[in-house]
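Bear in mind that the values here come from a model prediction, so they are computed numbers and not experimental data. Reminder, nothing fancy here: chain letters follow the sequence lines and each chain counts from 1. Basis for what follows: all heavy atoms, side chains included, without hydrogens, waters or symmetry-related copies.
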There are 2 protein chains.
Amino acid sequence: MLKISTKGRYALRIMLDLAKHSEEGPVSLRTVAKRQQITLKYMESIMSLLLREELVISTRGKSGGYKLTRKVEDYNVYEILHAAEGNLAPVQCLAVSENDCPLHKKCPTLPMWTGLEKLVREYLQGFTLDMLNTADLPSPNCGH
Amino acid sequence: MLKISTKGRYALRIMLDLAKHSEEGPVSLRTVAKRQQITLKYMESIMSLLLREELVISTRGKSGGYKLTRKVEDYNVYEILHAAEGNLAPVQCLAVSENDCPLHKKCPTLPMWTGLEKLVREYLQGFTLDMLNTADLPSPNCGH
DNA sequence: TGATTTTCTGGTATTTTTATAGGAAATCTT
DNA sequence: AAGATTTCCTATAAAAATACCAGAAAATCA
């Protein structure tokens with residue numbers, strides 16, 4: 001139903017938290033979990049997705065944790081949600097790499113969906129992490 | 001994941017089919033089901049949603065069926081999807097009638113979600129049934 | 001009266017989402 | 001070297017959403 005799942009919303013909150021606290025060394029998930037009220041185990045599974053896309057870098061062991069790989073102004077919301085949730089296309093046949101729908105050339109709604117995907121993508125790409133963090137949320141926040 | 005469910009896509013296809021064929025009297029679901037390759041029973045449950053919002057009108061009995069209540073140019077895609085899928089807000093706290101999130105005034109992402117909802121809504125409101133039908137799809141179509 | 005079609009109730013199967021559990025591997029600190 | 005901490009990996013379970021089916025009642029027309 002055009003919903004963002006918790007996985008995506010949590011990923012965004014985690015990234016915002018890291019952006020706030022990762023200047024002086026890696027941040028452990030345990031401290032993020034406390035601030036954000038997300039269970040440690042669920043966060044771990046989300047981190048693997050962010051790690052795979054190289055949005056964060058990790059160091060194991062004591063006093064280890066996660067750090068951002070770029071400057072906060074170089075992340076946009078779209079790529080974070082995309083990393084966490086996979087493809088954001090509103091209908092399936094936009095998501096597949098090769099358009100295997102045999103009737104896509106005559107499909108009356110395809111241009112509409114294509115336009116919607118573009119609209120959403122470009123809108124979310126317009127928000128960077130530091131833009132959001134200037135709003136200065138109290139942690140933990142409401143779940144967005 | 002920002003997906004439109006089959007319920008919404010089917011509702012749109014059904015409305016497009018009705019728009020095409022309902023000039024000369026009511027259209028039975030059986031004929032729509034044949035053309036659109038959707039099971040009769042699933043369509044019935046979708047029709048009850050469209051009926052509740054008075055997007056269509058029904059007549060029972062022999063040679064009964066469904067008809068549009070308005071002219072084709074007076075339907076937009078948003079209201080059809082909304083009727084079929086319920087609220088299209090990307091995050092839950094936009095969907096509730098009264099904003100019960102205690103921190104919504106300090107939530108750093110809320111304005112972004114509000115803007116996204118508005119963007120999507122206005123985009124989909126810009127498409128009317130007759131705009132889509134001029135593309136003249138072969139029925140059944142690909143599933144969009 | 002009989003045929004057809006919507007409508008209603010309720011149920012089931014499948015998939016996706018969300019979350020948890022346990023332990024292995026790596027790294028730091030002492 | 002030992003212990004503590006933290007990421008990482010695999011598996012599983014609970015919950016919710018989605019998709020679909022069955023059967024019968026009600027309405028309508030011929």
Side-chain angles (χ1 to χ4, degrees), chain A residues 1-11 13-14 18 21-22 25-34 36-67 69 81 84-88 90-92 95 143, chain B residues 1-11 13-14 18 21-22 25-34 36-67 69 81 84-88 90-92 95 143:
Chain A
M1 313 200 219
L2 277 181
K3 286 278 182 301
I4 301 283
S5 72
T6 60
K7 200 175 277 184
R9 297 204 318 275
Y10 286 178
R13 282 168 60 188
I14 293 167
L18 288 184
H21 298 95
S22 71
V27 181
S28 76
L29 282 193
R30 203 155 53 83
T31 65
V32 179
K34 264 184 199 161
Q36 298 294 333
Q37 312 268 48
I38 307 174
T39 66
L40 184 66
K41 285 298 183 180
Y42 194 31
M43 285 183 74
E44 285 180 355
S45 63
I46 294 172
M47 293 317 290
S48 73
L49 302 169
L50 301 179
L51 204 61
R52 189 167 58 193
E53 300 298 320
E54 296 184 346
L55 300 181
V56 295
I57 194 171
S58 68
T59 54
R60 291 186 178 183
K62 194 163 184 175
S63 77
Y66 291 92
K67 273 176 60 182
T69 53
L81 294 179
E85 309 213 354
N87 204 295
L88 297 180
V91 291
Q92 192 53 40
Chain B
M1 312 200 222
L2 277 182
K3 286 278 183 300
I4 301 282
S5 72
T6 60
K7 197 176 280 185
R9 298 203 318 276
Y10 285 179
R13 281 168 60 188
I14 292 167
L18 289 184
H21 299 95
S22 70
V27 182
S28 78
L29 282 192
R30 205 154 52 84
T31 65
V32 179
K34 263 184 200 162
Q36 297 295 333
Q37 312 267 49
I38 308 174
T39 65
L40 185 66
K41 285 298 182 181
Y42 196 31
M43 285 183 75
E44 285 179 355
S45 64
I46 293 172
M47 293 316 291
S48 73
L49 302 169
L50 301 179
L51 204 59
R52 189 167 59 192
E53 300 296 321
E54 296 184 346
L55 300 181
V56 294
I57 194 171
S58 68
T59 54
R60 291 186 178 184
K62 196 163 182 176
S63 78
Y66 291 92
K67 272 175 61 182
T69 52
L81 294 179
E85 309 214 353
N87 205 294
L88 297 180
V91 292
Q92 193 52 38

Which whole-number value in Å describes the distance from [X] [atom1] to [N] [atom2]?
X: Tyr10(B); N: dA19(D); atom1: OH; atom2: C1'; value: 8 Å
X: Ile46(B); N: dT18(D); atom1: CD1; atom2: C1'; value: 11 Å
X: Arg9(A); N: dT17(C); atom1: CZ; atom2: C1'; value: 12 Å
X: Leu49(A); N: dT10(D); atom1: CG; atom2: P; value: 14 Å
X: Ile38(B); N: dC21(D); atom1: CD1; atom2: C1'; value: 16 Å
X: Lys3(B); N: dT17(C); atom1: NZ; atom2: P; value: 8 Å
X: Tyr66(A); N: dT5(D); atom1: OH; atom2: C1'; value: 13 Å
X: Leu81(B); N: dT18(D); atom1: CG; atom2: C1'; value: 16 Å

Excluding sequence neighbours, so at least two apart, what forms side chain to side chain donor-acceptor pair (under 3.5 Å) with Thr69(A)? Tyr75(A)
Tell me every residue that passes salt bridge (charged side-chain N to carboxylate O under 4.0 Å, His left out) with Lys41(A), counting only those two or more places apart in sequence or in another chain. Glu44(A)
With Glu53(A) via salt bridge (charged side-chain N to carboxylate O under 4.0 Å, His left out) - residues at least two apart: none
Compare side-chain N and O positions of Ser48(A) against OP1 and OP2 of dC8(D) and report whether any pair is under 4.0 Å apart. no
Can you tell me if Arg30(B) touches the phosphate of dT4(C), counting only side-chain N or O atoms and a distance under 4.0 Å to OP1 or OP2? no
List for me each residue that meets side-chain contact (heavy atoms from CB on, under 4.5 Å) alongside Thr39(A), sequence neighbours excluded, and say none if there are none. Tyr42(A)
Hits for side-chain contact (heavy atoms from CB on, under 4.5 Å) against Ser28(A), two or more places apart or cross-chain, chain-then-number order -> Arg30(A), Thr31(A)
Starting at the 5' end of nucleotides 20-30 of chain C, put B wherever the base has a protein heavy atom under 4.0 Å, S where only the sugar-phosphate does, and a dash everywhere else. BBBB-BBBB--
Between atom NZ of Lys7(A) and atom CE of Met43(A), what is the distance when rounded to the nearest 0.5 Å? 14.0 Å
